[in-house]
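Take a look at the structure below.
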Amino acid sequence: MTMISLNQVHYQYPGSTMKLAIEQLNIQHALTTVVGANGSGKSTLLKLLLGLYAPIQGTISLEGQDLKALPIKRKLQMIGLVFQNPNDQLFNATVLQEVTWGIRQLGLGEQRAKAALTQVGLEAELTTNPYDLSLSKRQLLAIATILAIDPAIYLFDEPFSYLDFPAQQRITALMRQLSETGHQVIVVTHDMDWVATQSDEILLMNQGTIQFQGTPAALFTNHDFMEMGQITPPRVMQIAKNFGDYEVYLSIEDYLNRDALTNKFD
Ligand SMILES: Nc1ncnc2c1ncn2[C@@H]1O[C@H](COP(=O)(O)OP(=O)(O)OP(=O)(O)O)[C@@H](O)[C@H]1O
């Protein structure tokens, strides 16, 4: 797995008062989620990790190599971002051309395009114009463009906003598979049920800074952090609370096995 390190990274949009300031951060878990209130800097962090924005000061390094010193092709092979809105990512005339575009820039085998489309279930749409697809399928196509390149690090900015339920399940399974095969997956999401069940580690952002780095159980037992991030606990915890049970449950399975779980999170 690729070690991502941020050292004294500062960033500010021209003309904006929002300041991102991360003094020291190492991301080394397979599946990391980034949570926080609207405007706390989550998307900005992903764009800095992608190298789309350059820090005003400080260093972002991948496996000890300074991101800004990496040749562009190498960077594209190391890290890929699925944007929040697929319309920001798609610009070719057909689904196949869309997925082939990126791998052609990198000189990779074009057979990867069809394989990536099969992975997201779009193998029957090769000649469709991306803008004739439903928004859910368009988001799957945006994901396939990155899958075809298969970078070491996948960044997803609120990937579930446009996905229908079967597609959400498909992409969750895919992320799991990627994280289990040596990739690093970093997901920005407001879906706390998903965060609770899928995260190896959570980063909580607040006003451009990282305020918490740890496990789901540690986050969902800390009311100060939840308030800071305007986070509600997973629904299963809210339901248990209605029955007077204030324990930490990350999933329905945790709740059903609650006797066996006693003290698990202590
Ligand atoms: N291109 C930009 N120019 C100026 N300010 C920006 C720009 N993009 C974002 N900002 C500001 O930077 C701050 C952080 O934005 P960012 O999109 O990173 O937050 P976020 O945590 O991803 O929010 P959300 O959950 O709403 O997507 C916000 O105050 C936003 O208004």
Side-chain angles (χ1 to χ4, degrees), residues 4-25 27 29 31-60 62 67-68 75 79-91 135-136 138-139 142-143 146 153-163 167-168 171-172 175 184-199 201-214 216 219-220 222 224-235:
I4 305 170
S5 301
L6 286 79
N7 194 8
Q8 315 251 323
V9 169
H10 289 224
Y11 183 76
Q12 187 165 11
Y13 290 103
S16 163
T17 53
M18 186 271 181
K19 288 187 178 139
L20 182 134
I22 298 177
E23 297 314 318
Q24 184 62 50
L25 173 68
I27 308 177
H29 282 81
L31 204 153
T32 302
T33 49
V34 187
V35 304
N38 292 116
S40 55
K42 304 180 296 296
S43 299
T44 307
L45 173 63
L46 292 193
K47 288 172 184 164
L48 284 162
L49 291 176
L50 184 70
L52 196 60
Y53 302 152
I56 293 165
Q57 68 176 68
T59 318
I60 299 176
L62 307 179
L67 183 64
K68 67 177 184 305
K75 211 173 344 187
I79 191 154
L81 169 66
V82 177
F83 285 76
Q84 186 169 357
N85 186 338
N87 297 346
D88 292 339
Q89 199 158 347
L90 307 175
F91 52 89
L135 211 42
S136 178
R138 224 178 288 161
Q139 181 69 307
I143 293 170
I146 307 298
I153 303 163
Y154 285 75
L155 310 173
F156 290 89
D157 196 352
E158 296 192 32
F160 307 115
S161 320
Y162 298 113
L163 293 180
Q168 285 184 27
I171 295 309
T172 298
M175 287 173 178
Q184 210 156 355
V185 179
I186 303 177
V187 183
V188 167
T189 178
H190 290 278
D191 181 341
M192 292 305 136
D193 289 340
W194 198 90
V195 167
T197 53
Q198 303 300 329
S199 315
E201 184 166 81
I202 302 172
L203 303 177
L204 167 67
M205 291 199 74
N206 185 45
Q207 298 183 356
T209 60
I210 304 286
Q211 290 292 330
F212 166 89
Q213 181 174 17
L219 178 64
F220 293 121
N222 190 313
D224 292 341
F225 286 137
M226 284 199 282
E227 198 171 275
M228 178 191 283
Q230 296 172 16
I231 289 165
T232 49
R235 272 176 300 176

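Counting begins at 1 with the first residue of the sequence. Whatever order the structure lists them in is the order used to number ligands and atoms, beginning at 1.
The minimum heavy-atom distance linking Pro86 with Tyr162 is given by the pair CD-CD1, 3.6 Å. Of all the heavy atoms in Val82 and Gln139, the pair that sits closest is CG1-OE1, 3.9 Å.
Two residues are said to be in side-chain contact when any heavy atoms from C-beta on lie closer than 4.5 Å; Leu219 and Val35 meet this criterion. Annotation: side chain of Gln198 is not in contact with side chain of Val187 (no heavy-atom distance under 4.5 Å).
Among protein heavy atoms, the minimum distance from atom 17 (O) of ligand 1 is reached at Ser43 CB, 3.6 Å. Closest to atom 13 (C) of ligand 1, if we only count protein heavy atoms, is Met18 CG, 3.4 Å. Annotation: atom 23 (O) of ligand 1 to nearest protein heavy atom, Gly39 N, 2.8 Å. The shortest contact between atom 10 (N) of ligand 1 and any protein heavy atom is with Tyr13 CE1, 3.3 Å.
In terms of polar-atom proximity, Gly36 is not counted as a contact of ligand 1, lacking any N or O under 3.5 Å from an N or O of the ligand. Between Tyr53 and ligand 1, not a single N/O pair is under 3.5 Å apart.
At least one donor-acceptor pair under 3.5 Å links the side chain of Gln12 to the backbone N or O of Ser16. Between the side chain of Gln168 and the backbone N or O of Leu163, at least one donor-acceptor pair lies under 3.5 Å. A donor-acceptor contact shorter than 3.5 Å links the side chain of Gln89 to the backbone of Leu81.
Heavy-atom proximity to Glu158, at under 4.0 Å, picks out these atoms of ligand 1: 25 (O), 27 (O). Shown in contact with Asn38 at under 4.0 Å from a heavy atom are these atoms of ligand 1, numbered in order with element: 23 (O), 24 (P), 25 (O), 26 (O). Using a 4.0 Å cut-off to heavy atoms of His190, the atoms of ligand 1 that qualify are 25 (O). Those atoms of ligand 1 that come under 4.0 Å of a heavy atom in Ala37, given as number and element, are 21 (O). Of all the atoms in ligand 1, the ones that sit under 4.0 Å from a non-hydrogen atom of Lys42 are 18 (O), 19 (O), 20 (P), 21 (O), 22 (O), 23 (O), 24 (P), 25 (O). Every atom of ligand 1 with a heavy atom of Gly41 under 4.0 Å away is listed here by number and element: 14 (C), 18 (O), 19 (O), 20 (P), 21 (O). Near Thr44, meaning under 4.0 Å from one of its heavy atoms, ligand 1 places the atoms 14 (C), 15 (O), 16 (P), 18 (O).
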Asn38 and His190: side-chain contact (heavy atoms from CB on, under 4.5 Å), yes or no, with the steps?
CA-CA 9 Å; Asn38 292 116; His190 290 278; 3.7 Å; yes

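Applying the 6.0 Å contact sphere to CD of Gln213 captures more than 12 heavy atoms from other residues, nucleotides or ligands.
For atom 30 (C) of ligand 1, no protein heavy-atom neighbour is present inside the 4.0 Å cut-off.
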